[in-house]
Number of protein chains: 2
Amino acid sequence: MFLHLEQKNTAVRMKLSSAVQETADQEKRGRKASKETRRQQLIEATIDSLAKRGYSETTLADVADGAGLSRGIVNFHFESKEKLLIATLQFMADEYAAHWNAALEKAGSGVAAQLWALVAADFDRRICTKRKLAAWCAFWGEAKSRPTYQALCGARDVKYQETFVALCQALKAEGGYAIVAEATALALCAVMEGLWLRLMMGDGLTREKAHAAAVEYLVAVFPAHFTREGLK
Amino acid sequence: MFLHLEQKNTAVRMKLSSAVQETADQEKRGRKASKETRRQQLIEATIDSLAKRGYSETTLADVADGAGLSRGIVNFHFESKEKLLIATLQFMADEYAAHWNAALEKAGSGVAAQLWALVAADFDRRICTKRKLAAWCAFWGEAKSRPTYQALCGARDVKYQETFVALCQALKAEGGYAIVAEATALALCAVMEGLWLRLMMGDGLTREKAHAAAVEYLVAVFPAHFTREGLK
DNA sequence: ACATACTTGCTGAATGTTCATTCAAAATAA
DNA sequence: TTATTTTGAATGAACATTCAGCAAGTATGT
């Protein structure tokens with residue numbers, strides 16, 4: 001009897017996601033390290049579950065199974081389901097912010113290059129995964145009725161929006177365009193979110209096509225700076 | 001005891017939403033009519049609940065309360081919660097489709113006027129309500145993991161998308177623009193959905209500002225046809 | 001080395017709550 | 001009466017949360 005249970009448990013643990021193995025170089029044993037490793041492992045499993053089953057059908061049992069751990073585990077490492085979900089959203093928001101900040105950094109000091117890099121970053125394969133998009137959408141769906149989610153979903157946040165406004169203003173000055181910078185920046189942000197939404201819905205839309213549509217927008221608005229192939 | 005319960009029940013029914021009173025001109029009694037009236041009443045209450053509490057916290061009890069009716073009512077008029085939600089989404093999809101088709105109709109035969117009308121329709125106060133947007137978003141959040149929702153959410157459907165592509169192609173021919181019509185149409189649809197998403201999130205964004213941003217896009221892409229104030 | 005207590009991470013059965021669904025009975029209409 | 005609509009208590013299933021106990025380490029004492 002005991003043996004049987006042990007075997008079953010071991011079998012389940014075989015299903016550990018690749019994410020765990022990637023971080024396996026950190027000792028699985030060390031006190032403090034293990035704690036963070038486990039949390040990350042559970043967050044990854046949560047994203048999986050959100051993507052696979054949607055928000056309303058994501059259960060702690062499913063998360064625990066996905067992580068290859070036992071039922072009580074989430075309430076041990078996080079305090080409640082609510083807190084696990086918030087930590088998950090926080091993680092995604094941090095990751096997203098880090099990604100676009102890095103892209104901006106790497107783009108150098110040219111305004112046009114920066115704008116191009118920000119748009120490209122949104123359709124980067126590291127960020128723009130079916131899995132991640134689905135998880136974002138799950139949170140969006142609940143955000144209106146939950147202030148906490150709403151705050152974090154706006155990780156596509158004030159700073160992000162302000163950056164776009166500033167870049168649009170700079171390009172307007174450079175190119176003498178007859179645009180309203182704020183409205184243009186808003187529309188640009190909206191187009192990228194809208195494309196994310198459609199990517200998730202999973203028609204035949206691909207990441208490349210979506211990126212091309214966003215670029216089409218850039219080219220139309222700032223013809224003196226961009227072509228469909230890149231900077232002028 | 002009986003009296004007390006009756007009074008409570010009556011009190012609850014006082015809370016009937018205005019939507020019910022609007023349709024009160026249809027007899028509340030007639031056999032067939034009553035059936036449809038009730039269904040509509042429950043669908044409205046469902047939209048209310050989705051907007052107020054989000055998908056995952058919408059319960060049949062809340063819907064019934066919102067409609068001022070008893071707990072068992074939904075399973076009588078619809079067969080299950082699932083079917084109520086599908087009927088609700090179906091209703092919203094039909095309403096949306098009817099609205100943009102009517103707008104297209106009313107716009108006459110000018111291509112530019114038609115495109116302008118379609119964009120305006122999306123930000124019409126009859127369609128673009130906080131309440132409705134929130135309900136849409138609730139469904140979007142669940143759509144990826146539910147084929148049935150996914151199909152209906154694409155009520156912003158193939159035909160809609162095709163209409164935009166056709167209009168963009170026609171304008172391209174008329175104005176000699178150097179655009180890719182398909183990508184432009186996709187971006188245009190995406191911009192409107194993205195703006196809806198942001199309206200829901202409820203920063204300081206208003207319907208008017210959102211509409212202005214969409215118009216900014218039109219003006220930028222088709223400068224020979226549009227100004228910010230309308231057709232040229 | 002070995003034994004002992006103490007710590008930490010984890011398990012899984014038990015508990016209680018929330019909720020969709022059912023249905024017998026009541027109200028209302030035909 | 002008979003048929004239809006509505007009610008609300010009862011039922012049962014799904015789930016988050018709790019917790020007593022196990023396992024594996026780690027520190028302390030001998």
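Bear in mind that the values here come from a model prediction, so they are computed numbers and not experimental data. To find a chain, count down the sequence lines: A is the first, B the second, and so on, and within it residues start at 1.
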For the pair made of CG in Asp65(A) and C1' in dG12(C), what is the distance, rounded to whole Å?
-> 12 Å

Just how far, in rounded Å, is P of dC15(D) from CD of Glu57(A)?
-> 8 Å

Any side-chain N or O of Arg38(A) under 4.0 Å from OP1/OP2 of dG9(C)?
-> no

Out of dC10(C), dT17(D), dT6(D), which has the shortest distance to the side chain of Ser80(A)?
-> dT17(D)

Ignoring hydrogens and angles, state whether a donor on the side chain of Glu57(B) or Ser145(A) is under 3.5 Å from an acceptor on the partner side chain.
-> no

Assert: residue with more 5' nearest nucleotide on DNA chain D, out of Ser56(A) and Gly72(A), is Ser56(A)

Within less than 4.0 Å of OP1 or OP2 of dT5(D), is there a side-chain N or O belonging to Lys35(B)?
-> yes

Relative to the ring of Trp196(A), is the ring of Trp136(A) parallel (under 30°), tilted (30 to 60°) or perpendicular (over 60°)?
-> tilted

Between dA27(C) atom C1' and Leu69(B) atom CG, what is the distance in whole Å?
-> 14 Å

Can a salt bridge be assigned to the pair Arg39(B) and Glu36(B) using a cut-off of 4.0 Å between side-chain N and carboxylate O?
-> yes

Tell me, do Phe91(B) and Gln40(B) make a side-chain contact under 4.5 Å, heavy atoms counted?
-> yes

Whole-Å distance separating the CZ atom of Arg71(A) from the P atom of dT17(D) = 15 Å

Leu85(B) atom CG is separated from dA20(C) atom C1', nearest whole Å, by 12 Å

Whole Å only: how far is the CZ atom of Phe76(B) from the P atom of dA26(C)?
-> 18 Å

Where the side chain of Ser70(A) is defined as all heavy atoms beyond and including C-beta, which of dC10(C), dA20(C), dT6(D) is the nearest nucleotide?
-> dC10(C)

Rounded interatomic separation in angstrom, taking CG from Asp62(B) and C1' from dA20(C) | 14 Å

Heavy atoms from other residues, nucleotides or ligands near CD of Glu79(B) exceed 12 (cutoff 6.0 Å) = no

Per atom distances to the Asn75(A) side chain, the nearest of dT18(D), dG8(D), dC10(C) is dT18(D)

What's the NZ-C1' distance between Lys81(A) and dA14(D), to the nearest Å?
-> 11 Å

